[in-house]
2 protein chains.
Amino acid sequence: MNAQGQPAGDTAPVRVLLADDEHLIRGALAALLSFEEDLRVVAEAASGPEALAMARAHRPHVAVLDLEMPGADGVTVATSLRSELPDCRTMIVTGHGRPGHLKRALSAGVRGFVPKTVSAQRLAEIIRTVHAGGRYVDPELAADAISAGDSPLTARETQLLELAANGAPIAEIAERAALSPGTVRNYLSSAAAKLSAENRHAAVRIARSQGWL
Amino acid sequence: MNAQGQPAGDTAPVRVLLADDEHLIRGALAALLSFEEDLRVVAEAASGPEALAMARAHRPHVAVLDLEMPGADGVTVATSLRSELPDCRTMIVTGHGRPGHLKRALSAGVRGFVPKTVSAQRLAEIIRTVHAGGRYVDPELAADAISAGDSPLTARETQLLELAANGAPIAEIAERAALSPGTVRNYLSSAAAKLSAENRHAAVRIARSQGWL
DNA sequence: CAGTGCTGATGACATTTGTCATCGGAGTAA
DNA sequence: TTACTCCGATGACAAATGTCATCAGCACTG
């Protein structure tokens with residue numbers, strides 16, 4: 001009856017991988033989790049690729065991944081882990097959770113999605129839940145994701161919005177996408193209309209805020 | 001001879017205020033710092049205003065402030081603290097440190113400026129340094145700040161860039177600033193020219209990246 | 001097969017935006 | 001005083017952008 005996993009005693013501890021580019025957070029987290037007798041941090045990583053390498057080397061039961069990391073973001077790492085180490089459960093921890101990120105994460109097989117506003121105790125519980133095969137999604141983020149719905153944008157619209165994200169003029173976007181300038185304007189106009197934005201720049205902002213970028 | 005402050009033993013501990021909106025980090029940090037015998041976390045806050053209130057109530061020696069917080073950012077809090085509690089030293093911890101932020105912080109009387117990539121040990125040392133009256137600035141950020149130079153923008157240019165930051169059309173910016181649309185275009189054009197940007201949206205990006213926004 | 005939606009393009013047109021010259025007033029430093 | 005910069009505005013013009021209609025190929029689906 002250790003399903004929800006209060007400290008166990010005799011059973012083997014849960015092997016945990018921590019990946020976060022902020023050393024301060026990662027170290028502090030590792031220290032806190034070390035107090036939980038049934039959890040053991042077996043590896044730490046500061047970037048996406050490093051997280052993958054560490055996971056291959058140390059075979060954790062649960063990988064706790066920051067969403068924003070250099071190299072590859074948490075969801076990308078989770079996707080790779082899913083195919084490489086199917087037994088490794090994954091969960092995402094993030095500062096600003098956007099609805100779209102949650103959707104992407106869930107379809108990547110991520111079993112936990114929590115904001116950094118939770119306490120360490122709570123995180124430890126969630127790690128146990130995930131390890132036991134359960135799922136946990138922050139209620140507030142879940143509500144946002146449900147009410148937000150899916151992205152109304154097509155693939156090209158999304159791609160062109162990304163290229164427009166840095167404020168580049170149409171000509172440059174067209175060149176980088178190998179498309180006609182007129183075509184680019186059409187797609188961006190369409191995207192802005194779908195998002196009820198006044199122009200493509202506002203559209204970029206809106207798409208970003210929804211995690212559709 | 002306790003200047004750099006190795007654990008002291010008999011002298012009174014340094015009273016520390018921790019302010020960070022991410023509960024996970026704040027709690028973990030508090031736990032880690034509690035191992036340092038000469039440091040004592042006497043208050044925690046999750047927002048700018050709360051940090052101010054806590055500081056008034058608990059009179060910390062050193063306030064460790066996150067740069068990005070709801071309500072009021074770390075530099076704003078530091079400015080208020082400087083006038084309200086001149087004896088309270090302040091330091092800023094941040095995820096992404098932009099050159100302009102560092103400059104603003106230093107002119108607000110902040111004595112420490114560190115990225116979240118430092119270790120907890122390092123942070124503890126820096127807290128001691130700051131408490132002893134010293135200063136500490138992350139070398140990399142300092143180099144960036146020096147090479148970046150000051151903002152070339154005038155007050156109005158900066159203000160209008162801020163209003164333009166969400167992608168709003170000129171008309172809306174003009175209305176919100178109570179200025180003529182033509183005037184707005186002139187200022188934004190001037191700002192874009194100073195930043196070598198192709199248009200105002202790219203200018204916003206550049207100004208943001210320098211912390212001039 | 002017909003219908004639908006995404007893609008990619010073109011042309012036309014109106015609007016927005018960027019750029020420049022110019023003006024006047026206020027404040028400030030030499 | 002003079003010179004300088006910033007502020008705020010106007011007018012004119014060119015360039016970029018947004019919008020719309022229209023076309024064609026392709027893939028998919030009922």
Side-chain angles (χ1 to χ4, degrees), chain A residues 100 103-104 107 148-213, chain B residues 100 103-104 107 148-213:
Chain A
K103 297 212 169 192
R104 272 204 308 143
S107 55
D150 284 326
S151 169
L153 305 175
T154 68
R156 274 299 166 294
E157 285 164 357
T158 305
Q159 180 211 348
L160 292 182
L161 264 194
E162 279 172 18
L163 289 176
N166 60 345
I170 295 274
E172 187 182 321
I173 300 173
E175 193 187 2
R176 297 222 280 166
L179 287 178
S180 149
T183 303
V184 171
R185 279 193 290 164
N186 286 339
Y187 280 129
L188 290 178
S189 175
S190 164
K194 285 178 179 177
L195 302 179
S196 308
E198 311 234 24
N199 54 49
R200 62 202 160 94
H201 307 287
V204 166
R205 267 186 54 79
I206 294 172
R208 273 243 171 83
S209 74
Q210 300 289 337
W212 294 337
L213 157 164
Chain B
K103 297 212 169 189
R104 272 204 308 143
S107 55
D150 283 325
S151 168
L153 305 174
T154 68
R156 275 300 167 292
E157 285 164 356
T158 305
Q159 180 211 348
L160 292 183
L161 264 194
E162 280 172 16
L163 290 176
N166 59 345
I170 296 275
E172 187 182 320
I173 300 173
E175 193 186 3
R176 296 223 280 168
L179 287 178
S180 150
T183 303
V184 171
R185 279 193 289 164
N186 286 339
Y187 280 130
L188 290 177
S189 174
S190 164
K194 285 178 179 176
L195 301 179
S196 308
E198 310 235 23
N199 54 48
R200 63 205 160 95
H201 307 286
V204 166
R205 267 187 54 80
I206 294 172
R208 272 244 172 83
S209 75
Q210 299 289 339
W212 294 337
L213 154 163

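All chains are named by letter (A, B, ...) in the order of the sequence lines, taking the proteins before the strands, and each is independently numbered beginning at 1.
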K.L.:
At their closest point, which heavy atom of A:Glu157 faces which heavy atom of A:Tyr187, and how far apart are they?
P.N.:
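What the structure gives for the nearest pair is CG-O, 3.9 Å.
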K.L.:
Would you compute the distance between atom CG of B:Asn166 and atom CD of A:Glu198 and round it to the nearest 0.5 angstrom?
P.N.:
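One finds 9.5 Å between CG of B:Asn166 and CD of A:Glu198.
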K.L.:
Please produce a list of atom pairs where a protein N or O lies less than 3.5 Å from an N or O of nucleotides 10-15 of chain C.
P.N.:
unit_1, atom_1, unit_2, atom_2, d
C:dT10, OP2, A:Ser180, OG, 3.2
C:dT10, O4, A:Asn186, ND2, 2.7

K.L.:
What are the residues of residues 188-213 of chain A, sorted by number, that bring a heavy atom to within less than 4.0 Å of DNA chain D?
P.N.:
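Of all residues in residues 188-213 of chain A, the ones placing a heavy atom under 4.0 Å from DNA chain D are A:Ser189, A:Asn199, A:Arg200.
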K.L.:
If the test is side-chain contact (heavy atoms from CB on, under 4.5 Å), which one of A:Ile173, A:Leu163, A:Thr183 qualifies with A:Leu188?
P.N.:
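Testing each of A:Ile173, A:Leu163, A:Thr183 against A:Leu188, the sole residue satisfying side-chain contact (heavy atoms from CB on, under 4.5 Å) is A:Ile173.
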K.L.:
Measure the OG-CG distance between B:Ser190 and B:Leu161 for me, rounded to the nearest 0.5 Å.
P.N.:
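So the OG of B:Ser190 and the CG of B:Leu161 are separated by 9.5 Å.
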K.L.:
Any N/O pairs under 3.5 Å between the protein and nucleotides 24-30 of chain D? List them or say none.
P.N.:
none

K.L.:
A side-chain contact here means heavy atoms from C-beta on lying under 4.5 Å apart; do B:Thr154 and B:Lys194 qualify?
P.N.:
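Answer yes - side chains close enough.
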K.L.:
So what is the end-to-end bend of the helix from C:dC1-D:dG30 to C:dA30-D:dT1, with 5 pairs used at each end and the value given to 10 degrees?
P.N.:
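That helix gives 30° between its end axes.
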K.L.:
Find the distance A:Ile170:CD1 to D:dT19:P and express it as a whole number of Å.
P.N.:
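Computing the A:Ile170:CD1 to D:dT19:P distance gives 11 Å.
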K.L.:
Under 4.0 Å from any atom of DNA chain C, heavy atoms only: list the residues of residues 150-169 of chain B that qualify, in numerical order.
P.N.:
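By residue number: B:Pro169.
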K.L.:
Side-chain atoms of residues 201-213 of chain A: list all donor-acceptor pairs with protein atoms under 3.5 Å, sequence neighbours left out, distances to 0.1 Å.
P.N.:
unit_1, atom_1, unit_2, atom_2, d
A:His201, NE2, B:His201, NE2, 3.2
A:Ser209, OG, A:Ile206, O, 2.7

K.L.:
So, do B:Arg200 and B:Ile170 sit near enough that their side-chain heavy atoms are less than 4.5 Å apart?
P.N.:
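Of all side-chain heavy-atom pairs linking B:Ile170 with B:Arg200, at least one is under 4.5 Å.
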K.L.:
Which heavy atom of B:Ala168 sits nearest to which heavy atom of A:Asn199, and what is that distance?
P.N.:
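Scanning both residues, the minimum pair turns out to be C-ND2, 4.4 Å.
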